[in-house]
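Single-structure report; data block below.
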Amino acid sequence: MTATTPLWEVFIRPRNGLAHKHVGSLHAADEVMALQAARDVYTRRGEGNSIWVVPSAAITASDPDQTAENFEPTADKIYRHPTFYEIPDEVGHM
Amino acid sequence: MYSQGLIGADNRTEETPEFLARFQKRIDAEEKIEPKDEMPEGYRRTLVRQIGQHAHSEIVGMLPEGNWITRAPSLRRKAALLAKVQDEGGHGLYLYSAAETLGVSREEMTEELLSGKAKYSSIFNYPTLSWADMGTIGWLVDGAAIMNQIPLCRCSFGPYARAMIRVCKEESFHQRQGYEIVMTLAQGTPEQKVMAQDSLNRWWWPSLMMFGPHDADSQHSDQSMAWKIKRFTNDELRQKFIDATVPQAEYLGLTIPDPDLTWNEEKGGYDHGPIDWDEFWRVVKGHGPMAKDRIKARKKAWDDGAWVREAALAHAEKRRARKIAAE
Amino acid sequence: MAVFDALLELADDHLILGHRLSEWCGHAPMLEEDLAMPNMGLDLIGTARTLYDHAGKLEGKGRSEDDLAYLRGEREYRNCLLVERPNEDFAHTMLRQFYFAAFMRPYWLAALNSTDEVVRGVAGKAEKEMAYHIRHAGEWVIRLGDGTEESAARIRDAVEALHIYVDELFDSSDAAQEAEAAGLLPVRADLRATWDRTVAEVFAEALLEQPTAAYAQRGGRQGIHNETLGHLLAEMQVVHRAHPGARW
């Protein structure tokens, strides 16, 4: 019986000032090995200067079946966007 | 490195026509499908099979080139080849991860590979017999793979497409390093030239076979095209590859080992001689010259490594227990 | 020429160990290590190349990095015995890496003050690489030592097998002593305390004991190797030597 080595999600910050971005996943027995593996697998070409690893099992994701109720109600709230408001050109950029 | 036309996928699916139509509408609108989205069972199965085969191909593909890392004839070549074979391991890793989003574990996929149940690209069942093969594999095999893989960056399944974007980005050096090796040999000593030509002779036809059977004989192409897992047919990609490669061989002064190869003005591409499909199917079915050795090598790595993986897990368990005890 | 010889010793250490690591490629216990080991191997081969190139230039006879790597036999290779030891299993490989990196990290840190600009350049790059090798290999030594019964037995075997090659790391050949006296390379013997500390820290966590060697094996710096190196070189050099003068 093969025991399964846990799956981790890897996030890399390309450079200071940017957010960490999901780049992929890997397997590792613990968090130290996961970080090292992330370094060896996902930063071989200078992809970043900071790594996060998160156990895949720790991620709580929204349910695709609830996509409509979650995200569609915002579509008609156009007053949240600047283009909803009319400002005369003479006023200049605002 | 590399993906081959999918072999033996089962596209059957049992959803209602309404469900399938709704799904197809998303595909037609170029929407990406993400792992937790609803999808036809056949779509999921096809992807698991195709991504798995692709991942296995990368992993098995480390072996024929790995065979020459320790013999690379210059330090510059040694470093480049080691980095390339390492990349292939990385590509296998990205692809296994993409398949895992569909609920199949890397361990399960590995066991399928080692038991002979899962297929991988037939090209890796040929032996690497000279240093020139490192050049030819990069030039032809990676070249063929790139033809296959670039369209996969637009595959309808999000995780596969994302993995392929990363793969294609990294792979851009592979074909160039291969061509540079062949070029150096072709411009080298008479023995080196012979080595280069011999290598081209051996790898040309297997490279053409990498694109899979002719469209007329490819059972699963239509459904995969409709689902946008696949974007071009096997023959279209093969034609593109030949048209790109022939002038590259001419530049090197090497001869493509196909007496029937002729330029067809009308179609604006080359016509080629018949492909030996008996050989193709024989190799796909596991009777390639190196097939047994490849699986044996992978099995040995997996079995010999079991105690390491177990140790890592056992240690992780102890760390967890200690952490809890300390709290 | 002392400086040339001393640089060659250093370069040979890196090339041979890098070559050993490259033998794993495609055969590692897990895919993640199939990426990690080549990373370490590439670091080492990269350092070897710079050192060969520099040594060749200092020698002034027009020998290139490849001439030095591919056209010398066992008796001319000057690597220490530790780095040529066969991979055996993952435990041996990680311990060998850990021992070597635990030595090279303080070595390169000290070499940041070298009188030679190229050596300083190599040191600046390599001390970081070695810091990572210590971490990567060290974490594995800990996991194997404090993992399962089998892994603990295997890493203990590796300690037993490799510790007799440790002392040679701290020896300086006549050539090295000259280079050290000139301020070109760090004094090897000075690094012992740091090495001991690094190893002791990891061994404590790995539940491993550092044995005292009854006798230390030496000879690499005089070209007196184990039999295994000849096979490594035969394999490494076969293509290059079969085509004298060819370009690759």
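In this text the structure is predicted, and so the values were computed from the model without any measurement. To find a chain, count down the sequence lines: A is the first, B the second, and so on, and within it residues start at 1.
- For C/Trp24, no part lies near chain B; criterion is any non-hydrogen pair under 4.5 Å.
- Heavy-atom distances place no part of C/Ala152 under 4.5 Å from chain B, backbone and side chain included.
- Atom CZ of B/Arg166 has more than 12 neighbouring heavy atoms from other residues, nucleotides or ligands inside a 6.0 Å radius.
- Listed options B/Gln192, B/Glu317, B/Glu180, B/Met62 were ranked by heavy-atom pairs under 4.5 angstrom with chain C; first place goes to B/Gln192.
- Proximity to chain C is limited to the side chain of B/Ile59, based on heavy atoms less than 4.5 angstrom apart.
- Of the listed residues (B/Leu63, B/Ile69, B/Leu82, B/Thr189), the one with the most heavy-atom contacts under 4.5 Å to chain C is B/Leu82.
- For C/Ala69, the part lying near chain B is the side chain, with the backbone staying farther off; criterion is any non-hydrogen pair under 4.5 Å.
- Of the residues considered (C/Glu23, C/Glu139, C/Met30, C/Glu235), C/Glu235 shows the highest number of contacts with chain B, using heavy-atom pairs under 4.5 Å.
- Within a 6.0 Å sphere centred on CZ of C/Arg120, other residues, nucleotides and ligands contribute more than 12 heavy atoms.
- Contact annotation for C/Leu15: only side-chain heavy atoms (C-beta onward) come within less than 4.5 Å of a heavy atom of chain B.
- Counting heavy atoms from C-beta outward, B/Arg71 and C/His240 have side chains that stay 4.5 Å or more apart.
- For the residue pair C/Asn39 / B/Gln86, a side-chain donor-acceptor distance below 3.5 Å is found, with atom types taken as modelled.
- Between the side chains of B/Glu310 and C/Thr148, no donor-acceptor pair of N or O atoms lies under 3.5 Å.
- Heavy atoms closer than 4.5 Å to chain B are found nowhere in C/Arg241, neither backbone nor side chain.
- Counting all heavy atoms, side chain and backbone alike, B/Val85 lies closest to C/Cys25 at CG1-SG, 3.5 Å.
- For C/His243, the part lying near chain B is the side chain, with the backbone staying farther off; criterion is any non-hydrogen pair under 4.5 Å.
- Residue B/Gly92 comes nearest to C/Leu31 through the heavy atom pair C-CD2, 4.1 Å, listed as atom of the first residue, atom of the second, then distance.
- In this structure a side-chain-to-backbone donor-acceptor pair under 3.5 Å is present from B/His315 to C/Asp146.
- Looking only at distances, a side-chain donor or acceptor of B/Arg77 sits under 3.5 Å from a matching main-chain atom of C/Trp248.
- Under a 3.5 Å cut-off, the side chain of B/Arg309 and the backbone N or O of C/Pro29 do form a donor-acceptor pair.
- Atom NZ of B/Lys193 has more than 12 heavy atoms from other residues, nucleotides or ligands within 6.0 Å.
- For C/Leu42, the parts sitting under 4.5 Å from any heavy atom of chain B are the backbone and the side chain alike.
- Among B/Glu191, B/Arg298, B/Lys300, the residue making the largest number of heavy-atom pairs under 4.5 Å with chain C is B/Arg298.
- For the atom pair C/Arg247 CZ and B/Ser74 OG, the distance stands at 10.0 Å (nearest 0.5 Å).
- The greatest number of non-hydrogen atom pairs below 4.5 Å with chain C, out of B/Asp87, B/Thr184, B/Leu185, is found for B/Thr184.
- The environment of B/Lys318 atom NZ is dense: over 12 non-hydrogen atoms of other residues, nucleotides or ligands sit within 6.0 angstrom.
- The candidate from B/Ala312, B/Gly66, B/Gly305, B/Ala316 with the greatest count of non-hydrogen atom pairs under 4.5 Å with chain C is B/Gly305.
- Heavy-atom pairs under 4.5 Å with chain C peak, among B/Leu75, B/Val308, B/Val60, at B/Leu75.
- Contact annotation for residues 70-87 of chain C against chain B (heavy-atom separation below 4.5 Å, listed by residue number): C/Tyr70.
- Under a 4.0 Å N-O distance rule, the pair B/Arg106/C/Glu32 qualifies as a salt bridge.
- Contact annotation for B/Met134: neither backbone nor side-chain heavy atoms come within less than 4.5 Å of a heavy atom of chain C.
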Trace of the side chain to side chain contact (heavy atoms under 4.5 Å, CB included) decision for B/Asp304 with C/Phe90: CA-CA 9 Å; B/Asp304 289 355; C/Phe90 193 69; over 6 Å; no
